[in-house]
There are 2 protein chains.
Amino acid sequence: MARTIAVIGDRWTLLILRECFLRTRRFEGFQSALGITRHLLAERLKKLVRQGILRRVPYQESPKRHEYILTQKGLDLYPIMMAIVHWGDTHMVDERGRPLLHQHRNCGKNFDPVMVCSECGEPVLAKEVHTHPGPGARRPLAQKETEAPAPKPKARRKAA
Amino acid sequence: MARTIAVIGDRWTLLILRECFLRTRRFEGFQSALGITRHLLAERLKKLVRQGILRRVPYQESPKRHEYILTQKGLDLYPIMMAIVHWGDTHMVDERGRPLLHQHRNCGKNFDPVMVCSECGEPVLAKEVHTHPGPGARRPLAQKETEAPAPKPKARRKAA
DNA sequence: GTTTGACAGTTCAAAAATAGAACTGTAAAC
DNA sequence: GTTTACAGTTCTATTTTTGAACTGTCAAAC
């Protein structure tokens, strides 16, 4: 999670990616849709390309111009987008209602995303989930003493 | 989405919330688990309480102490968390593997979150979704000319 | 009965990120 | 020859974030 947030966890990256999903591909398109500063936009696009989330594809020679296209890695962010949008639709809408509706082509209906268990197919609630350290676990999860018993407590406070 | 990102879209908020889901409740707990500066942590906790995502609950008098507990609004962020974790598990793991496994109590198995359509129950792919402006639509979505009828045929460059 | 430690912050200077605005460069259109 | 569209880059000013120390309360330890 920390690694993912290092990539998409800032004020603009997810909004840029939203535009990608809405078929924006070019610098000016992002800039005018979002009002992001050009400097930051250039910065973020570079980062997303470095991360393999966008691909920079030339669409004209002479003044070299490129489009930014979602890779598969980028497309895989879709559930994150939808989860965020859905939470916003549930908790952050004003009187006017949802800004955007999503229609599922396969069934033809406007839908909300539902998170289900890959194993049993049932919707998952936070309370129903138990976590276990996996093979790449990064921290012992409640470690206090690894060292010898309290050697030199350093002086806290100014009083000596 | 913009409104949601204004709340959870920064380098620390989602990590703080992850700790909440892992049952961390107290200031020192967050601080030592994340290594966030105390200043920012205090700042972020205040913001989350203001937003109604956490509730500040006293757990002792005398030196007044509080715990930070997820509200329902906060618990509803779970699908976002899981979507992020799953993307990280798919695209950002190192050789060691996943840091954390999630077990679904209802079926007993370790699972991945799957996003399905609320209407037909099938998994949803980005390509299968069509968007329409909703009642709260904020911008015309591809407006170029609101003024006089397209007087300028746009400059096209030589296709490459 | 003073000292230490746990806890939950606050304060302040320094460093980093972001905003705002103007500037660069290419090439076609007028 | 001037303007326009596009995709950036450069610069300064503001805002955020970091790092580190400081404040304050109370309980237990010495």
Side-chain angles (χ1 to χ4, degrees), chain A residues 5-16 19 24-50 54 56-69 142 144-145 149-160, chain B residues 2 5-16 19 24-50 54 56-69 144-145 147 150-160:
Chain A
I5 286 174
V7 180
I8 61 165
D10 69 279
R11 205 128 44 273
W12 289 109
T13 300
L14 281 168
L15 292 172
I16 292 170
E19 292 306 312
T24 299
R25 295 156 142 72
R26 302 184 183 177
F27 194 92
E28 295 292 319
F30 292 112
Q31 206 281 318
S32 66
L34 298 175
I36 183 177
T37 63
R38 311 175 72 74
H39 179 37
L40 249 214
L41 175 57
E43 211 53 47
R44 288 294 176 266
L45 288 173
K46 260 183 223 155
K47 182 171 173 184
L48 288 169
V49 170
R50 269 205 315 279
L54 297 179
R56 196 155 169 272
V57 181
Y59 71 90
Q60 100 182 2
E61 281 304 312
S62 43
K64 280 207 172 177
R65 293 285 184 265
H66 303 83
E67 297 190 307
Y68 296 90
I69 311 280
K144 280 281 143 126
E145 274 88 60
K152 276 294 169 211
K154 16 234 268 277
R156 288 290 88 216
R157 317 258 153 46
K158 77 188 333 192
Chain B
I5 287 174
V7 179
I8 61 166
D10 69 279
R11 207 123 46 267
W12 288 110
T13 300
L14 281 169
L15 292 172
I16 291 170
E19 292 307 311
T24 299
R25 293 157 143 70
R26 301 185 184 177
F27 194 92
E28 295 292 320
F30 293 110
Q31 207 280 319
S32 66
L34 298 174
I36 183 177
T37 63
R38 311 175 72 74
H39 180 37
L40 248 215
L41 176 57
E43 212 52 47
R44 288 292 177 267
L45 289 173
K46 258 182 224 157
K47 182 172 174 184
L48 288 169
V49 170
R50 269 205 315 278
L54 297 179
R56 194 155 171 274
V57 181
Y59 71 90
Q60 94 180 10
E61 280 304 313
S62 42
K64 278 206 173 177
R65 294 285 184 264
H66 304 83
E67 297 188 308
Y68 296 89
I69 311 280
K144 282 278 143 125
E145 278 86 59
E147 299 303 295
K152 315 270 180 195
K154 323 300 271 286
R156 277 301 88 217
R157 293 202 177 70
K158 75 168 169 190

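FYI, side chains are in, hydrogens and waters are out, and symmetry mates aren't considered; it's all heavy atoms of this structure. Just so it is clear, the model here is predicted, and its values are computed rather than measured. Residue numbering restarts at 1 for every chain, and letters A, B, ... go by the order of the sequence lines.
As rounded to whole Å, 17 Å separates atom C1' of C:dT18 from atom CD1 of B:Ile5. Taking atom CG of residue A:Leu15 and atom P of nucleotide C:dT18, one finds them 13 Å apart after rounding to whole Å. Rounded to a whole Å, the CG atom of A:Leu34 is 17 Å from the C1' atom of C:dG20.
The two residues A:Ile8 and A:Thr13 make their nearest non-hydrogen contact at CA-CG2, 4.0 Å.
The side-chain heavy atoms of B:Leu34 and B:Trp12, taken from C-beta on, include a pair separated by under 4.5 Å.
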Exercise for review: Tell me, with the steps shown, if B:Ile16 and B:Tyr68 meet side-chain contact (heavy atoms from CB on, under 4.5 Å).
Suggested key: CA-CA 10 Å; B:Ile16 291 170; B:Tyr68 296 89; over 6 Å; no
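Judged purely by atom type and a 3.5 angstrom limit, B:Gln31 uses its side chain to pair as donor or acceptor with the backbone of B:Ile36.
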Review point. Using a cut-off of 4.0 Å between protein heavy atoms and nucleotide atoms, how would you tag nucleotides 7-18 of chain D 5' to 3' with B, S and -?
Key: BBBB------SB
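Residues passing the salt bridge (Lys or Arg N to Asp or Glu O under 4.0 Å) test with B:Arg26, sequence neighbours excluded: B:Glu67.
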